[in-house]
Amino acid sequence: MDHKLPYVVAVDVGTKSARAGVFDASGRMLGYGRHEISLWRDGQREGEHSSENIWLSVCDAVRDAVKQSGVAANRVGAIAFDATCSLVLRDGDGLPLPLGPDGRDTIAWFDHRAAEQAAICTKVGGPVLDRLGGTMSPEMQLPKLMWLKQQRPDLWSRLGHAMDLSDFLVSRASGAPKRSLCTMVAKWGYRADLQGWPDRFLNSIGLDDAVDRAGIHHAPALPGVRAGVLLARSAADLGLAVDCLVAQGMVDGYAGALGALAGMNEGTALVAGTSTCVMSVSDVARHGTGIWGPFPDIVLPDTWVSEGGQSATGAALDLVLRRFGDGDDSAGAHDRIARRIQTHLAQSGPEFARNINVLPDFNGNRTPMADPDIGAVMSGLSLDFDAHSLPQVYWRVAVGLAMGLRQIITVMSNGRDKPRRLFVAGGHGRSDLLMQLYANATGCDIARINGVDTVLLGSAMAALATAQGCPLSAVSAGILPDRKTLSPDPLWAAALDHDYAAFTMMQRHRSELLTLHADQSKESDHVSGD
């Protein structure tokens, strides 16, 4: 395939859109495409996609990216996919398993319908939980499969394939049956270091048939290795040649970490979009309460990844625009409100909206509390709401998110020196407002890559590894992107220390309230029992 180098295509599927980029061997992005995907919500805690809708959006994005790049389709040597850890369900014939109308066969990554099942997994415990900070999240795949088996036995009896979304895209593109080591270890409880599935754990939670039902019949493969070649129909859909190679993919957060750390192969990545992940990539295994991992080899060989995170960050800011604004939560709306906030900050500095304090746990707290059911808290709102109030609430939610990020980094450091620099990937990296806030809040330099979508860059590196037939670590070491660094502003240090003290105080007060309510509930149950 050397005649096709140096061009590859990378695809990143997020919560709301599919994005594609055409890259050369140096990691330079030559073309970009983006198309919306459909998302059906039931409240804020449940969501579903149609995998067919996602595939069509992927194809449109790839075609647009190739057209914009000016690269001939037959010069693209490989394609790689990353995606959210949404769960795609197919029947024995490979057709969508109907969770709902409109072809909905995919449970969104953020969906918490399996909270009860996750709690059962946590109670069972064992080696699987050792790598999940001691608590199973309903965002993982095993609780979702438990829910399907318990609540929809009609669908479970027809289940023939259950796949992480990135694995589905690889399979749809190439017909390859193998799953990615990244998805299997990070989201399915597969223990690569123990050479297999935790059968005792699966038996204990009633999923002794899950591996077979999910159609997992091969050992998972490392990201960046060759999964196969484009099927003729998939090549036609994507507008690429039939001899284009398909790389084994990744969960989007891990692709973001790979891209953010390009040229270094270790460090701490901040992958911030709809949700936020803090990824420590190192040759040392690091454990911690509320921390996912350490996972071996799921980004680069001979490295360990530990992950802390916030389940709703960009989603929390979207919520502010919908609830307190005119309902427009587009990228343009975020840009406009950021400019208004910058004006207020230039006039008032840290005193702007200091009366408002927020715990932004709108979709639970992943790190450090590992509690999917805990809620957000807002203090300081009044009836005096006007056009000036939207920037106030938006800014203070952003400050709350930054305080949560500071707490995650503190927990992940676990008494060691905290990282001096965070390497950024994801949509937040485009916001000067958020990036400077994160630098000020954490005391870390914030480094972001100029002129490229960093998550796409991670998948492009996987595609380059496949096209070149070389290890992913060699490709990563050879990509030397241009980075811009923001440093903390010392003038904000004292003010944000005050905010962090208020943040942790509110967490304690919330815990006390929850304990009070739990005690009252127990007392009511005792009285009713009498």
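Side chains included, hydrogens not; waters and symmetry mates left out as well; all remaining heavy atoms used.
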Of all the heavy-atom pairs spanning Val358 and Phe503, show the shortest one and how long it is. O-CD1, 3.9 Å
Got a sec, which residues hit ring-ring contact (aromatic ring centres under 6.0 Å, His included) with Tyr438, two or more places apart in sequence or on another chain? none
Return the minimal non-hydrogen interatomic distance between Ser50 and Thr106, and the atom names on each side. C-OG1, 4.4 Å
Assess whether side chain to side chain contact (heavy atoms under 4.5 Å, CB included) is satisfied between Val399 and Arg396, documenting all intermediate values. CA-CA 5 Å; Val399 170; Arg396 294 305 291 178; 4.0 Å; yes
To the nearest 0.5 Å, what is the distance between CD on Gln151 and CD on Gln117? 6.0 Å
Determine whether Leu87 and Leu89 make a side-chain contact, defined as any pair of heavy atoms from C-beta on separated by less than 4.5 Å. yes
Pairs flagged by salt bridge (charged side-chain N to carboxylate O under 4.0 Å, His left out) wherever residues 121-132 is involved - sequence neighbours left out: Arg131-Asp193
Does Asp361 reach the side chain of Gln310, with side-chain heavy atoms less than 4.5 Å apart? no
Rounded to the nearest 0.5 Å, how far apart are CG of Leu317 and NE2 of His428? 6.0 Å
Any heavy-atom pair between the side chains of Ser180 and Lys187 that's under 4.5 Å? no
For residues 133-143, please give each side-chain donor-acceptor pair under 3.5 Å, one per line with the distance, not counting sequence neighbours.
from: Ser137; atom 1: OG; to: Glu139; atom 2: N; distance (Å): 3.0
from: Glu139; atom 1: OE1; to: Arg366; atom 2: NH2; distance (Å): 2.9
from: Glu139; atom 1: OE2; to: His112; atom 2: NE2; distance (Å): 3.0
from: Glu139; atom 1: OE2; to: Ser311; atom 2: OG; distance (Å): 2.8
from: Gln141; atom 1: NE2; to: Cys85; atom 2: O; distance (Å): 2.8
from: Gln141; atom 1: NE2; to: Asp164; atom 2: OD1; distance (Å): 2.8

Is it the case that over 12 heavy atoms from other parts of the model lie below 6.0 angstrom from the CD atom of Glu36? yes
Would you be so kind as to tabulate the donor-acceptor pairs closer than 3.5 Å made by side chains of residues 267-282, with sequence neighbours excluded?
from: Thr276; atom 1: OG1; to: Thr313; atom 2: OG1; distance (Å): 2.9
from: Ser282; atom 1: OG; to: Val284; atom 2: N; distance (Å): 3.0

Within the distance-only criterion (no hydrogens, no angle test), does the side chain of Arg104 pair as donor or acceptor with the backbone N or O of Trp40 below 3.5 angstrom? no
Checking Asp167 now: which residues fulfil side-chain hydrogen bond (donor to acceptor under 3.5 Å, both in side chains) with it, not counting sequence neighbours? Thr183
Do Trp147 and Asp111 come close enough that some side-chain heavy atom pair is under 4.5 Å? no
Would you say Ser51 and Asp105 are linked by a side-chain donor-acceptor pair, where the criterion is simply a distance under 3.5 Å? yes
Audit row: Val393, Met378, side chain to side chain contact (heavy atoms under 4.5 Å, CB included) steps and yes/no: CA-CA 9 Å; Val393 175; Met378 303 181 75; 3.7 Å; yes
Is Arg510 reaching over with its side chain to a backbone N or O of Gly375, donor-acceptor style, under 3.5 angstrom? yes
Determine whether the aromatic ring centres of residues Tyr190 and Trp197 are separated by less than 6.0 angstrom. yes
If you round to the nearest 0.5 Å, how far is NE2 of His49 from CD1 of Ile54? 5.0 Å
Is any side-chain heavy atom of Ile298 closer than 4.5 Å to a side-chain heavy atom of Met184? no
Shortest non-hydrogen contact from Pro368 toward Asn365: N-OD1, 3.3 Å
With a 4.5 Å heavy-atom cut-off, do Pro98 and Leu155 have their side chains touching? yes
Report the distance from atom CG of Asp252 to atom CG of Leu165, rounding to the nearest 0.5 Å. 9.0 Å
Side-chain donor or acceptor of Ser157 paired with backbone N/O of Asp154 under 3.5 Å: yes
Check side-chain hydrogen bond (donor to acceptor under 3.5 Å, both in side chains) between Asp497 and all other residues, then give those that pass, not counting sequence neighbours. Arg406
Under a 4.0 Å N-O cut-off, is there an ion pair linking Asp328 with Arg336? yes
With heavy-atom distances below 4.5 Å as the criterion, would you say the side chains of Arg213 and Leu145 are in contact? no
On a heavy-atom basis, which atom in Cys121 and which in Leu129 lie closest, and how many Å separate them? O-CD2, 3.6 Å
Gap separating the CG atom of Asn53 from the CG atom of Asp102, nearest 0.5 angstrom: 9.5 Å
Quick one: do the Thr485 and Asp445 side chains pair a donor with an acceptor below 3.5 Å? no
Which distance, rounded to the nearest 0.5 Å, do you find between the CH2 of Trp395 and the CZ of Arg340? 15.0 Å
Among all residues two or more places apart in sequence or in another chain, which pass the side-chain hydrogen bond (donor to acceptor under 3.5 Å, both in side chains) test with Asp329? Lys16, Arg322
Are any non-hydrogen side-chain atoms of Val320 and Ile337 less than 4.5 angstrom apart? no
In chain order, what residues pass the ring-ring contact (aromatic ring centres under 6.0 Å, His included) check against His344, with sequence neighbours excluded? Phe352, His388
The criterion is side-chain hydrogen bond (donor to acceptor under 3.5 Å, both in side chains); which residues satisfy it with Ser86, sequence neighbours excluded? Thr84
Which residues pass the side-chain contact (heavy atoms from CB on, under 4.5 Å) test with Thr504, not counting sequence neighbours? Gln407, Tyr500, Gln507, Arg508
Least distance between heavy atoms, Tyr394 atom then His334 atom: OH-ND1, 2.6 Å
What salt bridge (charged side-chain N to carboxylate O under 4.0 Å, His left out) pairs are there with at least one residue in residues 272-284, not counting sequence neighbours? none
Would a distance-only check, ignoring hydrogens and angles, find a side-chain to backbone donor-acceptor pair under 3.5 Å from Gln392 to Ile356? no
side-chain hydrogen bond (donor to acceptor under 3.5 Å, both in side chains) pairs, two or more places apart, involving residues 367-376: Arg45-Asp373
Applying side chain to side chain contact (heavy atoms under 4.5 Å, CB included), run through Thr343 and Gln347 and close with a yes or a no. CA-CA 6 Å; Thr343 300; Gln347 296 171 348; 3.9 Å; yes
Set out, in order, the CA-CA distance, both residues' side-chain angles and the distance that settles side chain to side chain contact (heavy atoms under 4.5 Å, CB included) for Val397 and Phe324, then state yes or no. CA-CA 12 Å; Val397 169; Phe324 294 91; over 6 Å; no
Taking every heavy atom of Ser306 against every heavy atom of Ile291, the minimum-distance pair comes out as CB-CG2, 3.9 Å
